[in-house]
Amino acid sequence: FGEVDLEFLDQIKQLDKKFEDQGMVYREAGLNAYVDRLGRSLLKPEDQLENVNWRFRVMRDPAVNAFALPNGSIYVFTGLITRMENESQLAGVMAHEIIHVRNRHSYLSYRSYRKKMLTVNLLCVAGGYSGLGGLGASLGAQFMLAISIVGYSRELEKEADLDGAQLITTSPYDAKTLVTAFQSFQQKYEI
């Protein structure tokens with residue numbers, strides 16, 4: 001971990017705290033214990049990583065989504081939980097998110113993003129514009145929120161799919177339900 005990574009991690013910890021402080025984390029002890037137990041059942045001994053404290057949490061949001069922060073906080077939305085037909089489907093989605101943390105996808109994407117922003121700033125300076133210099137203070141938190149909405153690159157998503165499928169096949173859950181879980185994301189429901 002370099003200085004940039006540690007600054008990013010600090011911003012992510014602040015984002016975690018913000019979710020908690022603003023009441024976005026669902027506060028139902030039984031449901032949180034269930035999601036935490038399910039997530040921990042997928043972890044391997046090699047998942048004890050530097051700067052990762054695994055926490056599996058429920059986020060109060062009707063969207064069908066889940067995301068992982070690089071510090072090991074994995075958020076499963078209430079909308080996702082209601083859409084899943086069984087525990088294996090939910091485990092499959094969580095395995096995918098675990099891989100994002102395990103393979104350090106956030107750090108890889110953030111480094112790439114910073115390089116692009118540096119290039120934009122250099123081009124702006126060279127062209128006589130003021131650049132985007134004032135954005136740095138909360139760039140990490142903004143970046144993670146954007147990633148949770150638009151996702152990672154196709155390559156990193158494919159890696160999380162493949163490695164997540166491998167992870168689920170070594171668990172007590174039915175690996176076939178991983179496909180149906182992701183197919184349910186594509187279904188349209190009238191509400």
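Here the structure is a predicted model, which is why all the values come from computation and not from measurement.
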Worksheet item: For the hydrophobic clusters of this structure (ILVMFWY residues joined by side-chain heavy atoms under 4.5 Å, transitively), does one cluster hold both Ile99 and Leu162?
Response: no
Worksheet item: Going through the checks in order, is the side-chain contact (heavy atoms from CB on, under 4.5 Å) test met by Met94 and Leu38?
Response: CA-CA 8 Å; Met94 292 174 77; Leu38 184 61; 3.7 Å; yes
Fill in: Atom of Ala66, atom of Val93 and distance for their closest heavy-atom approach
CB-CG1, 4.0 Å
Discussion item. Quick check: do Asn71 and Leu9 have side-chain heavy atoms less than 4.5 Å from each other?
Written reply: yes
Worksheet item: Out of curiosity, Lys17 NZ to Gln22 CD, how far, rounded to the nearest 0.5 Å?
Response: 10.5 Å
Practice prompt. Indicate yes or no: does Glu87 engage Arg37 in a salt bridge with an N to O separation below 4.0 Å.
Written response: yes
Discussion item. Quick check on Lys44: does its NZ atom have over 12 non-hydrogen neighbours (other residues, nucleotides or ligands) under 6.0 Å away?
Written reply: yes
Worksheet item: Heavy-atom distance under 4.5 Å between the side chains of Asn103 and Leu156, does that happen here?
Response: no
Practice prompt. State whether the side chain of Trp54 and the backbone N or O of Asp47 hold a donor-acceptor pair below 3.5 Å, judged by distance alone.
Written response: yes
Worksheet entry | Student check: side-chain heavy atoms of His100 and His96 closer than 4.5 Å | yes
Worksheet item: At their closest point, which heavy atom of Gly164 faces which heavy atom of Ala95, and how far apart are they?
Response: O-CB, 3.7 Å
Discussion item. Going by the rule side chain to side chain contact (heavy atoms under 4.5 Å, CB included), which residues pair with Leu31 if we only count those two or more places apart in sequence or in a different chain?
Written reply: Tyr26, Glu28, Tyr34, Val35, Val58, Ile81
Discussion item. I need the Ile74 CD1 to Phe67 CZ distance, nearest 0.5 Å.
Written reply: 10.5 Å
Worksheet item: Is a donor on one side and an acceptor on the other found under 3.5 Å between the side chain of Gln89 and the backbone of Met84?
Response: no
Worksheet item: Hey, what do you get for CZ (Arg57) to CD (Glu20), rounding to the nearest 0.5 Å?
Response: 4.5 Å
Item to complete: Starting at CG of Leu69, measure out to CG of Asp16 and round the result to the nearest 0.5 Å.
Response: 5.5 Å
Item to complete: Take Glu97 and Val76 through the side-chain contact (heavy atoms from CB on, under 4.5 Å) test and state the conclusion after the steps.
Response: CA-CA 9 Å; Glu97 298 303 332; Val76 178; over 6 Å; no
Fill in: Interatomic distance, Phe56 atom CZ to Tyr75 atom OH [nearest 0.5 angstrom]
12.0 Å
Worksheet item: Given the rule in the side-chain contact (heavy atoms from CB on, under 4.5 Å) test, do Tyr173 and Ser41 qualify, once you have shown the distances and angles that lead to the verdict?
Response: CA-CA 10 Å; Tyr173 303 103; Ser41 74; 3.2 Å; yes
Item to complete: Report yes if the side chains of Pro62 and Phe77 come closer than 4.5 Å at any heavy-atom pair, otherwise no.
Response: no
Worksheet item: With distance as the sole test, does Ser171 use its side chain to make a donor-acceptor pair with the main-chain N or O of Leu42 at under 3.5 Å?
Response: no
Discussion item. Rounded to the nearest 0.5 Å, what separates atom CG in Asp5 from atom CG in Asp10?
Written reply: 12.5 Å
Worksheet item: Asn32 side chain to Ala29 main-chain N or O, any donor-acceptor pair under 3.5 Å?
Response: no
Worksheet item: Which heavy atom in Val101 sits nearest to a heavy atom in Pro70, and how many Å separate them?
Response: CG1-O, 4.0 Å
Item to complete: Please say whether more than 12 non-hydrogen atoms of neighbouring residues, nucleotides or ligands are located less than 6.0 Å from CD in Glu46.
Response: yes
Discussion item. For Arg102 and Glu159: C-alpha separation, side-chain torsions, deciding distance, then whether salt bridge (charged side-chain N to carboxylate O under 4.0 Å, His left out) applies.
Written reply: CA-CA 11 Å; Arg102 180 194 293 170; Glu159 182 178 305; over 6 Å; no
